**Student:** 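If you scroll down you'll find the structure; I have some questions about it.
Each ligand, and each atom within it, is numbered from 1 in the order the structure gives. Please read these numbers as outputs of a predicted model, since none were measured by experiment. Hydrogens, waters and symmetry mates are skipped; everything else that's a heavy atom, side chains included, is used.
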Amino acid sequence: MRFDVLTLFPEIFSGYLTQSLLKRAIERGLVSIHLWNIRDWSPDPKHHKVDDRPFGGGPGMVLMCEPVVSAVEAVQAKAEPPGHLVMLTPQGERLTHGLVRELARHPRLILLCGRYEGFDERIRILLKPQEVSIGDYVCNGGEVPAMVVIDTVIRFVPGVLGDESSVVEESHAEPGLVEYPQYTRPRVFRGLEVPEVLLSGNHEAIARWRHEQARLRSKKQAHEGS
Ligand code: 6GU
């Protein structure tokens, strides 16, 4: 699966790209990530301007049509297929497990990251992106949300997770049912012991205990969420 990220700050991604799971997926040729600086498509050769003050007044700066539209069109033309365009914006559709799975069906995603006060409205009209938000809060730009999209989507790319079962078994794959508590060594830490059943070797009992714990946790979360 191929991702093309259009951003004003490609360097934000460098640490993330060299992180283990993603790094391994890239090395194995399962995922490729191409970073593009929107500034490179600025029509202004001197200052590489990409934003301007909003017509009608108001705070902040607005990303201009020309560099953004040119950048998206140029990047789409660089490889086949042109890719599914996703605009990261707090006004977008909320990223859920279901939306992640849908996005993962595309062989190529173009992720358009905004900054400042947003995009000129004509960018939406012309490019008709799918607008995606990662939650009910405002980030300073679309870069961290784009990393969230990549991080969640690649888990659905066959072979990316070492253990094929993980994506199914883990939290949120089963709607409303979250993970059970996990323990590793030591058996006692600051007086806190690992539940006896996990040391029993009784796989059936362990499965039952985990299922019950997961149920209790999802119940607790539902109450906290309301
Ligand atoms: Cl996609 N972008 C920004 N700037 N803030 C957000 C977001 C996206 N999703 C939640 N908050």
**Student:** Look at atom 9 (N) of ligand 1 and say which protein heavy atom is nearest, naming residue and atom and giving the distance to 0.1 Å.
**Tutor:** Ile134 N, 2.9 Å
**Student:** Is there a side-chain contact between Ile33 and Ile150 (heavy atoms, below 4.5 Å)?
**Tutor:** yes
**Student:** Which atom pairs, donor and acceptor, lie under 3.5 Å between side-chain atoms of residues 53-70 and protein residues at least two apart or in another chain?
**Tutor:**
unit_1	atom_1	unit_2	atom_2	d
Ser70	OG	Glu66	O	2.8

**Student:** Who's the nearest protein heavy-atom neighbour of atom 2 (N) of ligand 1, and how far?
**Tutor:** Pro90 CD, 3.5 Å
**Student:** With a 4.0 Å cut-off on heavy atoms, is Gly92 touching ligand 1?
**Tutor:** no
**Student:** Could you tell me whether Arg105 and Glu102 make a salt bridge, using a distance below 4.0 angstrom between a side-chain N and a carboxylate O?
**Tutor:** no
**Student:** Quick check for you: to the nearest 0.5 Å, what is the distance between Ile123 atom CD1 and Lys128 atom NZ?
**Tutor:** 13.5 Å
**Student:** Going by distance only, is there an N or O of Leu88 that falls short of 3.5 Å from an N or O of ligand 1?
**Tutor:** no
**Student:** In residues 195-207, what donor-acceptor pairs under 3.5 Å come from side-chain atoms, sequence neighbours left out?
**Tutor:**
unit_1	atom_1	unit_2	atom_2	d
Ser200	OG	Val197	O	2.5
Ser200	OG	Asn202	N	3.1
Asn202	OD1	Glu204	N	3.2
Asn202	OD1	Ala205	N	3.0

**Student:** Identify which of Cys139, Pro145, Gly114 has a heavy atom lying nearest to atom 4 (N) of ligand 1.
**Tutor:** Cys139
**Student:** Heavy-atom contacts under 4.0 Å between Asp136 and ligand 1: side chain, backbone, both, or neither?
**Tutor:** neither
**Student:** Please determine whether a side-chain nitrogen of the Lys or Arg among Arg24 and Glu27 lies less than 4.0 Å from a carboxylate oxygen of the Asp or Glu.
**Tutor:** no
**Student:** Counting the benzene-type ring for Trp, do Phe156 and His97 have ring centres under 6.0 Å apart?
**Tutor:** yes
**Student:** Counting only nitrogen or oxygen atoms and a 3.5 angstrom limit, does Tyr137 reach ligand 1?
**Tutor:** yes
**Student:** Give the numbers and elements of all ligand 1 atoms closer than 4.0 Å to a heavy atom of Ser133.
**Tutor:** 1 (Cl), 9 (N), 10 (C)
**Student:** List every atom of ligand 1 that sits less than 4.0 Å from any heavy atom of Val132, numbering the atoms from 1 in the order shown and giving each element.
**Tutor:** 1 (Cl)
